[in-house]
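In this text, all values refer to a predicted model and were calculated from it rather than measured experimentally.
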Amino acid sequence: MSNLKVKTILVSQPEPKVENSPYFELQQKHKVKVDFRSFIHVEGVSAKDVRAQKIDLNNYTAIILTSRNSVDHFFRVAEEMRYKVPEDLKYFCQSEAIAFYLQKYVVYRKRKIYVGQKDFADLSPLIKKYKEEKFLLPASDQLNYDVPQTLNNLKVDWTQATFYKTVMSDLSDLADVYYDVLAFFSPTGIKSLFKNFPDFKQNNTRIAVFGSTTQKEALEHGLRIDILAPTPETPSMTMALEKYIAEANKGK
């Protein structure tokens with residue numbers, strides 16, 4: 001399919017809020033149109049439904065935060081439950097970006113905050129150091145399998161609770177819109193495409209996927225994958241798109 005020129009791309013994520021996003025550079029450099037649209041969105045689980053999971057926030061001494069969503073929804077549920085967050089509560093954040101985001105809710109210097117590098121496994125030495133704590137993991141209904149695996153291996157006292165859910169968005173307004181490239185970042189994004197358009201035929205549409213689980217989902221739905229990231233040569237989606245477009249649009 002690389003002999004067909006690329007003019008339009010739909011990225012199945014929200015539009016980046018930063019002005020210097022590589023997507024905008026891609027747009028200007030290759031004169032392509034890039035649109036953004038979330039194929040999935042997050043919805044909070046009510047305090048009542050969290051309680052139904054037998055969760056009492058008073059029982060925990062440490063919170064494990066794996067994303068900005070987990071930060072937002074932990075504090076939302078705490079407020080709905082009228083739970084006064086104690087000053088000595090410990091926070092274990094998967095990355096620096098999450099720890100930085102936590103400042104939206106807590107005064108940083110007064111709190112006990114422990115920060116991993118990037119992957120969840122990087123938190124292991126920190127959690128191991130505080131084995132006596134009672135850990136709560138406020139998470140989505142689609143938690144990466146490596147998280148429970150890592151925590152079970154550490155043999156710590158931890159509880160997983162669903163504080164928010166990943167839901168497929170309504171895309172019916174895109175029914176008659178055609179894009180040369182569709183870019184996906186999660187298996188749920190692929191599922192959302194087929195839930196909204198059960199009769200979707202790929203034809204000349206190029207499919208770009210990020211990550212092995214997204215790739216697997218696309219293949220299971222019979223899609224042909226034209227653009228794949230991350231690879232050693234193209235570690236990001238924008239780099240993979242750029243490489244493909246440069247080739248496809250050459251001399252056209």
Side-chain angles (χ1 to χ4, degrees), residues 13 40-167 185-189 210-214 216:
Q13 282 188 331
I40 56 177
H41 62 277
V42 162
E43 284 179 5
V45 168
S46 70
K48 185 184 168 199
D49 288 343
V50 173
R51 276 200 197 94
Q53 298 170 55
K54 299 190 168 50
I55 297 296
D56 178 352
L57 297 181
N58 294 295
N59 293 345
Y60 305 97
T61 58
I63 310 296
I64 299 170
L65 300 165
T66 55
S67 68
R68 288 178 176 200
N69 280 325
S70 63
V71 176
D72 284 337
H73 290 283
F74 169 71
F75 286 97
R76 175 189 59 78
V77 168
E79 196 178 321
E80 282 179 26
M81 287 185 171
R82 295 189 168 78
Y83 166 75
K84 190 177 185 311
V85 180
E87 291 222 351
D88 60 352
L89 190 67
K90 293 182 175 72
Y91 300 94
F92 290 79
C93 302
Q94 185 169 326
S95 69
E96 233 169 78
I98 296 164
F100 184 74
Y101 188 71
L102 186 58
Q103 292 184 74
K104 185 176 165 185
Y105 297 96
V106 300
V107 180
Y108 214 78
R109 61 192 161 75
K110 289 186 181 174
R111 302 294 175 147
K112 295 172 178 173
I113 297 166
Y114 308 91
V115 187
Q117 298 298 307
K118 186 173 141 250
D119 297 321
F120 189 76
D122 300 335
L123 268 180
S124 294
L126 292 166
I127 292 173
K128 205 172 181 177
K129 207 172 156 186
Y130 293 94
K131 290 188 90 129
E132 306 313 309
E133 304 293 338
K134 285 188 180 302
F135 293 93
L136 175 67
L137 178 74
S140 95
D141 57 333
Q142 295 180 18
L143 185 65
N144 286 352
Y145 70 91
D146 62 320
V147 176
Q149 203 175 22
T150 302
L151 291 169
N152 288 336
N153 290 343
L154 289 169
K155 296 187 167 50
V156 291
D157 182 347
W158 73 283
T159 305
Q160 178 184 336
T162 301
F163 275 51
Y164 56 100
K165 290 181 175 178
T166 306
V167 181
F185 300 82
S186 72
T188 321
F210 189 90
S212 55
T213 54
T214 314
K216 184 171 176 280

Note to self: Under 3.5 Å, is there a donor on one side chain and an acceptor on the other for Q142 and T188?
What the structure shows: yes

Checklist line | For Y91 against F74, the heavy-atom pair lying closest together | finding: CE2-CE2, 4.5 Å

Notebook entry, point to check: Looking at M81 and V50, what are the two nearest heavy atoms and their distance?
Noted result: CE-CG1, 3.7 Å

Next item on the list: Using the six-membered ring wherever Trp is involved, compare the ring planes of Y130 and F92 and label them parallel, tilted or perpendicular (cut-offs 30° and 60°).
Entry: perpendicular

Checklist line | ring pair (Phe, Tyr, Trp, His ring centres under 6.0 Å) partners of Y105, counting only residues at least two apart | finding: F75

Checklist line | Euclidean distance, Y145 OH relative to F120 CZ, rounded to 0.5 Å | finding: 13.5 Å

Next item on the list: To the nearest 0.5 angstrom, please state how far the NZ atom of K128 sits from the OG1 atom of T150.
Entry: 12.0 Å

For [X] and [Y], indicate whether the former's side chain and the latter's backbone hold a donor-acceptor pair under 3.5 Å.
X    : Y    : value
D122 : D119 : yes
D49  : V45  : no
K131 : L154 : yes

Pairs of donor and acceptor atoms involving the side chains of residues 156-164, under 3.5 Å and at least two apart or interchain, shall be tabulated with distances.
residue, atom, partner, partner atom, Å
D157, OD2, K134, NZ, 3.0
W158, NE1, N152, OD1, 2.9
Y164, OH, S67, OG, 3.1

Checklist line | side-chain contact (heavy atoms from CB on, under 4.5 Å) evaluation trace for L137 with L143 | finding: CA-CA 10 Å; L137 178 74; L143 185 65; 3.7 Å; yes

